[in-house]
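Reviewing the structure listed below.
Note on naming: letters A, B, ... go to the chains in the order of the sequence lines (proteins, then strands), and numbering restarts at 1 for each one.
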Amino acid sequence: MLEQFEMDLWSPYVVGAGIGVLNCFAFLLSDRPIGCSSAYARASGMIERAVRGPKVEAKAYYRKFEPVVDWEVMLVAGVVIGAFLSASLSGSFRMETVPPLWRERFGPDPILRIAAAFAGGVLLGLGARWAGGCTSGHGISGTAQLAASSWLAVICFFIGGVATAMLLFRAGG
Amino acid sequence: MMEDKLKGLRSKRRAQLAIGLFIGIGFGFLLQKGGVTRYDVIVGQLLLDDFTIFKVMASAVISGMVGVHLLKSLGLVSLHPKPGSLGSSALGGLIFGVGFGILGRCPGTAAGAVGQGSVDALLGGVVGILLGAGIFAWGYPRIEEKVLRRGDFGDVTIPEILGVNRWLVVIPAVLILVGLLFWLEGMGT
């Protein structure tokens, strides 16, 4: 049994089926789907409140998504812990700043990679809240519920993602 | 009886925070074991070289779709489809996609990547996502008025649009996804 946990990679089908089962538990025990991006909005509000004070709570968006630790914030914290456990058990935990594929195309400069990741992150955070969900809330939970908004959003996630990756990696040879 | 117990559990704040944490731990564990917290795997999918992301997502949608609709038919859960519009789902989705292609992680897998030691996912990704979400909160009243309401279609589901029983969409959708997975395996990707 322990050998399974020490394996580096599991079958994508086992992993996916397991995520679907977790989603069912979220519905059953907590009356909500799995999602990740609203946790970032709440955390962002909490950080802004720590810097600028309680007036931040008056913003229309933070009245909708109160800057407090809720179920989804706990879920995202859990994701960090769960991935750490998995990586530690398989011995694949490694501090890495420049992923191999990036290094092959853009070189080993860690500052360039972090700057790009930051720019990508800003667009990702903005787009996730703009669309009302991310690859978890729309991509896995919303599609499973057959929500029209989620199928449209996930198709657009991948149109934007494929176009951007092709531009970055395939343009100019 | 079962419904009352679930109702009680769903209203306990501390228990709910603990459930969120435990589901998150399971989710992060699976994401890392699936390899989908890695930049190379995500960008490999976006370059259409590596179909791991598709395999994980399709399997998650299949088991989640069957499970959630079974629980719904048993009267144990309610669905929570998100509202959408062209301005929100399509435009927001495309902005998200550009960020997805550059960062090579999404909000969930970025958190998972932090857990496996990816410094770019923490210093670049997570910090960027927090700022991006903050920018949206700052611009929200104007974006809402000018863009998000365009082409509004509400929180409708595909069976509701088609006016058919949920299972008449669930079953064909599962068959199509399973068929795609077999086809991909047959192609050797």
Side chain, backbone, both or neither: which part of [X] has an atom under 4.5 Å from a heavy atom of chain B?
X      : result
A:W102 : both
A:I47  : side chain
A:T143 : both
A:R42  : neither
A:D70  : backbone
A:L22  : both
A:V154 : side chain
A:L167 : neither
A:Y13  : both

Side chain proximity check, A:P33 to A:Q145, heavy atoms < 4.5 angstrom: yes
Under 3.5 Å, is there a donor on one side chain and an acceptor on the other for [X] and [Y]?
X      : Y      : value
B:S73  : B:R166 : yes
A:D31  : B:H80  : yes
B:R150 : B:S85  : no
A:R129 : A:Y61  : yes

Atom pair CG (A:D109) and CZ (A:R103), whose distance is rounded to the nearest 0.5 Å: 10.5 Å
With chain B as the partner, which of [options] has the greatest number of non-hydrogen pairs under 4.5 Å?
options                     : value
A:S88, A:G120, A:S150       : A:G120
A:G161, A:C36, A:S11, A:A87 : A:G161
A:G142, A:A119, A:A128      : A:A128

Between B:F29 and A:W10, ring centroids under 6.0 Å: yes
Parallel, tilted or perpendicular, as decided by the 30° and 60° cut-offs, for the rings of B:F96 and B:F100: tilted
Of all of [options], which one pairs up most often with chain A through heavy atoms under 4.5 Å apart?
options                       : value
B:G35, B:G84, B:G115          : B:G115
B:L47, B:L71, B:L48           : B:L47
B:S78, B:A173, B:P141, B:A113 : B:S78

Basic-acidic side-chain contact under 4.0 Å: B:D49, A:R170: yes
Proximal component of B:I53, with respect to chain A [non-hydrogen, under 4.5 Å]: side chain
Expected output: side-chain B:K82 to main-chain A:G132 donor-acceptor under 3.5 Å: yes
